[in-house]
Each structure stands twice: as C-alpha cells, then as structure tokens.
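Presented below is the structure to which this report refers.
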Amino acid sequence: MPRALITGITGQDGLYLGELLAAKGYEVFGLVRGQSNPKISTVERIIPSIELLEGDLRDLSSLIGALEIAQPDEVYNLGAISFVGLSWKQAELTGDITGMGVLRILEALRIHTQGDMSKVRFYQASSSEMFGKVRETPQRESTPFHPRSPYGVAKTFGHYMTVNYRESYDAFACSGILFNHESERRGHEFVTRKVTRAVARIALGLQASVALGNLDSRRDWGFAGDYVEAMWKMLQQDTPDDFVIATGETHSIGELLDVAFSRVGINDWSSKVTQDPRFFRPAEVDLLIGDASKAADELGWKPTVTFEQLVHRMVDSDLKIEKIAASRASED
Ligand code: GDR
C-alpha cells in the first residue's frame with residue numbers, strides 16, 4: 001500500500017487529492033494545525049480513512065515528526081496562506097508559511113531521508129500568480145516570473161527552492177504551476193465562489209446585490225478535481241520535472257458574472273453588482289492564460305470540465321446549500 005502525506009489537507013485541493021489517493025489504495029496522512037481546527041470534521045467525512053497528524057509549516061521539528069510517523073512514499077505540499085488579497089495585509093505570515101514553509105518541508109525531508117532525497121517523491125503546489133505581470137502569452141514553463149503580490153513572491157521562492165533541492169540533492173521534487181482551479185468546495189473569499197454563492201442567494205431573494213473589485217481581470221479557470229489528478233501524475237513519472245496545468249482559455253470576471261447569472265435566468269446583472277474599493281488590489285494580475293501542452297504530451301493530462309460547466313455546477317451546488325440553510329432558518 002503506497003503512503004502519502006498531504007499538507008493543506010483541509011483546503012479544497014487537499015480534500016480532492018486525499019479522496020483521489022484513498023480511491024487509488026493509498027494510505028493517506030494529512031497534516032493539520034491544532035486538534036481544534038473546525039475543518040477536521042469535513043476532512044473526516046470526505047476521506048473516512050484519513051489519518052490526521054499534528055504539525056505546522058512554521059515548525060521544522062513538527063514536520064520531521066510527521067514524516068517519521070507517516071513514512072510516506074509521496075509528499076504533497078499544498079499548505080499555504082492561499083488568498084492573494086490577504087497577502088498584502090499579512091505579508092510576513094504569507095512569506096513564512098507560503099514561502100519558508102516549502103524550505104522547511106524540504107529540509108525535513110532531507111533530514112528524514114538522511115540525504116537520499118530521491119527516496120521520497122515531493123510535489124510543490126506552485127502557482128500561476130508567479131507569472132504576475134506576464135512576460136508572454138500564453139504562459140508556459142519557460143516564461144519568466146514577475147509576481148505582483150506577497151503571495152506570488154512567496155510562491156516564487158517556494159518554486160525555486162523546489163528546483164534547487166532537485167539540482168542540489170537529487171530530490172525527486174516536482175513543481176506544479178497550477179492556474180486557478182475551482183469547485184463547489186472553494187472558499188467564499190475567492191471570486192468564483194463569492195459570485196456563485198451571491199447569485200444563488202439573489203435568485204432565492206436572500207440578498208439584493210454583491211460587491212466586487214476589478215471586473216476586468218482575466219483568469220484561466222479549471223476544475224480542481226482535474227488538477228489534483230495532474231499532481232499525482234507528476235509524481236508517477238520516471239524523472240521529476242515542472243509542469244504548467246491550465247485549460248488554455250481565459251475569461252474576465254464580467255464573463256464569470258454572465259455565465260453565473262444566466263444560470264438562474266438573470267441576463268442583465270448590472271443592478272445586482274456593485275464595485276467596492278476594498279476588493280481592489282494594490283497591484284493586479286491582469287491576464288492569465290496557460291499553455292499546458294507539456295502536461296498533455298508527457299503526463300497525458302487534459303482538463304475535462306469547461307468553464308461553463310464549472311460555473312454551472314458551482315451555482316447549482318450553492319442553490320442547494322442556500323435553500324437548505326434558508327429552510328432551516330425559517331424552521332427556527
Ligand atoms: P487569484 O484568485 O487571486 O487569481 O488566486 P481570486 O479568485 O481571489 O481572484 C481572481 C481575480 O478576481 C478579481 N476580483 C476579486 N477577487 C476576489 N477574491 N474578491 C472580489 O470581490 C473580487 N473582485 C474582483 C481579483 O482582483 C483577481 O483579479 C487564486 C488563488 O487560489 C491562489 O492561491 C492560486 O495560486 C491562484 O488562484 C492560481
């Protein structure tokens with residue numbers, strides 16, 4: 001039975017990856033910060049066989065301890081402060097967890113494997129935010145980075161550390177440069193889920209409008225369930241490498257609003273969306289669109305869910321959730 005350790009198990013990607021690996025017959029260990037973490041019950045419901053270990057990406061010895069217990073064949077580092085908007089307000093914490101956390105887990109692995117880092121396969125969750133103010137379009141593995149947020153800078157540090165440990169210690173370390181990936185499990189602070197929840201609530205008469213930031217930025221949005229498959233595939237190769245994972249399509253926030261509102265029969269959303277300076281960022285990433293042809297050629301990976309299908313499933317799921325919440329509230 002192969003064994004895997006996932007950091008960031010309570011996040012959207014941790015849940016999908018844990019489910020995928022458990023279905024493939026892995027013994028899955030998840031790292032959690034503190035036993036009172038309110039998301040633990042969700043993890044245990046979605047991945048009943050999960051074994052949770054306490055540890056923190058800010059604490060090297062806790063990472064070494066987790067590796068000793070899990071004895072993993074594969075380690076997936078998905079843990080991070082992942083909300084870009086927050087990273088300006090908590091720049092130091094973002095640098096510590098999203099950036100230095102990668103170095104700490106690599107160091108923990110080096111110590112755990114007694115220097116033979118080829119023994120345990122390592123996946124680093126890198127991000128299209130590293131491209132930032134893009135130098136070429138579409139963005140591919142060779143595109144230079146120009147991050148625009150403390151989050152993007154921290155991810156760039158983590159990416160280069162991963163590459164450096166591969167080159168310095170022969171680590172089996174892969175960096176997946178994933179473009180935005182969403183689902184009904186996405187947190188409400190991210191724009192897709194913020195929109196789909198608001199659309200559901202507006203359709204049900206529970207709220208009148210939604211306040212957003214920049215409607216012109218463009219993203220390459222895929223389905224998170226497809227993207228965790230790519231993470232696993234990277235670690236099954238003969239040699240470690242870095243891959244861009246993306247759909248190759250880009251859409252504006254305005255187009256996201258079009259598709260989400262039309263799902264509930266609203267074709268003109270202009271009176272239902274306001275703009276609030278609080279949601280604009282000090283520096284914006286205007287356009288992202290990825291070229292995942294290397295992943296298609298070498299991993300045989302392709303996205304299976306279109307932008308429209310993704311937005312529809314998220315709106316449909318939020319309609320269900322909000323209906324249940326509204327009927328519970330009316331019973332009370
Ligand atoms: P992003 O995702 O920063 O691309 O990073 P997010 O959904 O937060 O923003 C996407 C774009 O939407 C614009 N926007 C708003 N964003 C939010 N969150 N809330 C708003 O009200 C709003 N209005 C407009 C943003 O300015 C931005 O242009 C995500 C994260 O998951 C990262 O962790 C990951 O690395 C990258 O995707 C790939």
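Both ligands and their constituent atoms are indexed starting at 1 by order of listing. Owing to the predicted nature of the structure, the values given are computational and were not obtained by experimental measurement. Side chains included, hydrogens not; waters and symmetry mates left out as well; all remaining heavy atoms used.
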(request) Please determine if R104 and D96 form a salt bridge, counting it only when a charged side-chain N lies under 4.0 Å from a carboxylate O. (result)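 Looking at R104 and D96, the cut-off is met.
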(request) Run the salt-bridge test on R110 and E107 with the 4.0 Å N-O cut-off and return the result as yes or no. (result)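 Yes, charged N to carboxylate O under 4.0 Å.
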Within the protein, flag every N or O under 3.5 Å from an N or O of ligand 1, and note the pair and distance.
{"from": "ligand 1", "atom 1": "3 (O)", "to": "R281", "atom 2": "NH1", "distance (Å)": "2.7"}
{"from": "ligand 1", "atom 1": "4 (O)", "to": "N180", "atom 2": "ND2", "distance (Å)": "2.8"}
{"from": "ligand 1", "atom 1": "4 (O)", "to": "R219", "atom 2": "NE", "distance (Å)": "2.8"}
{"from": "ligand 1", "atom 1": "7 (O)", "to": "V191", "atom 2": "N", "distance (Å)": "2.9"}
{"from": "ligand 1", "atom 1": "8 (O)", "to": "R281", "atom 2": "NH2", "distance (Å)": "2.8"}
{"from": "ligand 1", "atom 1": "18 (N)", "to": "E189", "atom 2": "O", "distance (Å)": "2.8"}
{"from": "ligand 1", "atom 1": "21 (O)", "to": "K194", "atom 2": "NZ", "distance (Å)": "2.8"}
{"from": "ligand 1", "atom 1": "23 (N)", "to": "G213", "atom 2": "N", "distance (Å)": "2.8"}
{"from": "ligand 1", "atom 1": "26 (O)", "to": "E284", "atom 2": "OE2", "distance (Å)": "2.6"}
{"from": "ligand 1", "atom 1": "28 (O)", "to": "S217", "atom 2": "OG", "distance (Å)": "2.7"}
{"from": "ligand 1", "atom 1": "28 (O)", "to": "R219", "atom 2": "NH2", "distance (Å)": "3.0"}
{"from": "ligand 1", "atom 1": "28 (O)", "to": "E284", "atom 2": "OE1", "distance (Å)": "3.0"}
{"from": "ligand 1", "atom 1": "28 (O)", "to": "E284", "atom 2": "OE2", "distance (Å)": "3.0"}
{"from": "ligand 1", "atom 1": "31 (O)", "to": "R186", "atom 2": "NH1", "distance (Å)": "3.3"}
{"from": "ligand 1", "atom 1": "31 (O)", "to": "R186", "atom 2": "NH2", "distance (Å)": "2.7"}
{"from": "ligand 1", "atom 1": "33 (O)", "to": "S82", "atom 2": "O", "distance (Å)": "2.6"}
{"from": "ligand 1", "atom 1": "33 (O)", "to": "Y151", "atom 2": "OH", "distance (Å)": "2.9"}
{"from": "ligand 1", "atom 1": "35 (O)", "to": "S127", "atom 2": "OG", "distance (Å)": "2.6"}
{"from": "ligand 1", "atom 1": "35 (O)", "to": "Y151", "atom 2": "OH", "distance (Å)": "2.5"}
{"from": "ligand 1", "atom 1": "37 (O)", "to": "N180", "atom 2": "ND2", "distance (Å)": "3.2"}

(request) Using side chain to side chain contact (heavy atoms under 4.5 Å, CB included) as the criterion, list what pairs up with K294, not counting sequence neighbours. (result)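 K294 satisfies side chain to side chain contact (heavy atoms under 4.5 Å, CB included) with E141, D241, F243, E298 once adjacent residues are dropped.
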(request) List for me each residue that meets side chain to side chain contact (heavy atoms under 4.5 Å, CB included) alongside F83, sequence neighbours excluded, and say none if there are none. (result)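 Residues passing side chain to side chain contact (heavy atoms under 4.5 Å, CB included) with F83: L86, E189, F190, R281.
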(message) Tell me if the aromatic rings of Y227 and F179 count as close, with their centers under 6.0 Å from one another.
(response)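 Ring centroids of Y227 and F179 are no less than 6.0 Å from each other.
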(request) For residues 7-20, pull every pair meeting salt bridge (charged side-chain N to carboxylate O under 4.0 Å, His left out), keeping only residues two or more places apart or in separate chains. (result)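 Applying salt bridge (charged side-chain N to carboxylate O under 4.0 Å, His left out) to every pair that reaches into residues 7-20, excluding sequence neighbours, yields E19-R185.
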